[in-house]
Amino acid sequence: MDWIEKYLNILQCPYCGGDLEYIKEKNQLICKSCKKTFDIVDGIPILLKKMKK
Ligand SMILES: [Zn+2]
């Protein structure tokens with residue numbers, strides 16, 4: 001999972017464009033600005049806006 005930390009600087013929050021932080025314990029990324037969290041599935045961060053139904 002180390003590559004995620006390397007590439008964090010080129011990833012951004014799809015909602016607000018803010019910086020993301022990797023939370024190892026939860027295996028999630030969190031946006032430093034709007035505090036939304038994104039799951040990491042099979043080593044791939046899911047940085048998609050969730051569809052509203
Ligand atoms: Zn954000």
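In each ligand, atom 1 is the first atom listed, and ligand 1 is the first ligand listed. Counting begins at 1 with the first residue of the sequence. Note that this is a predicted model, so its numbers are computed, not measured.
Residues satisfying the side-chain hydrogen bond (donor to acceptor under 3.5 Å, both in side chains) criterion with Glu21, sequence neighbours excluded, are absent altogether.
To the nearest 0.5 Å, atoms CG (Leu29) and OG1 (Thr37) are separated by 9.5 Å. Note that CG of Leu47 is 13.5 Å distant from NZ of Lys36, once rounded to the nearest 0.5 Å. We find the OH-CG distance between Tyr15 and Leu48 to be 9.0 Å, quoted to the nearest 0.5 Å. Note that CD1 of Ile4 and CD1 of Ile44 are 9.0 Å apart. Values are rounded to the nearest 0.5 Å.
Under a hydrophobic clustering in which Ile, Leu, Val, Met, Phe, Trp and Tyr are joined whenever their side-chain heavy atoms come within less than 4.5 Å, directly or via other members, Phe38 and Tyr7 fall into the same cluster.
Each protein N/O/S atom under 2.8 Å from the Zn ion (ligand 1) was counted, for a total of 4.
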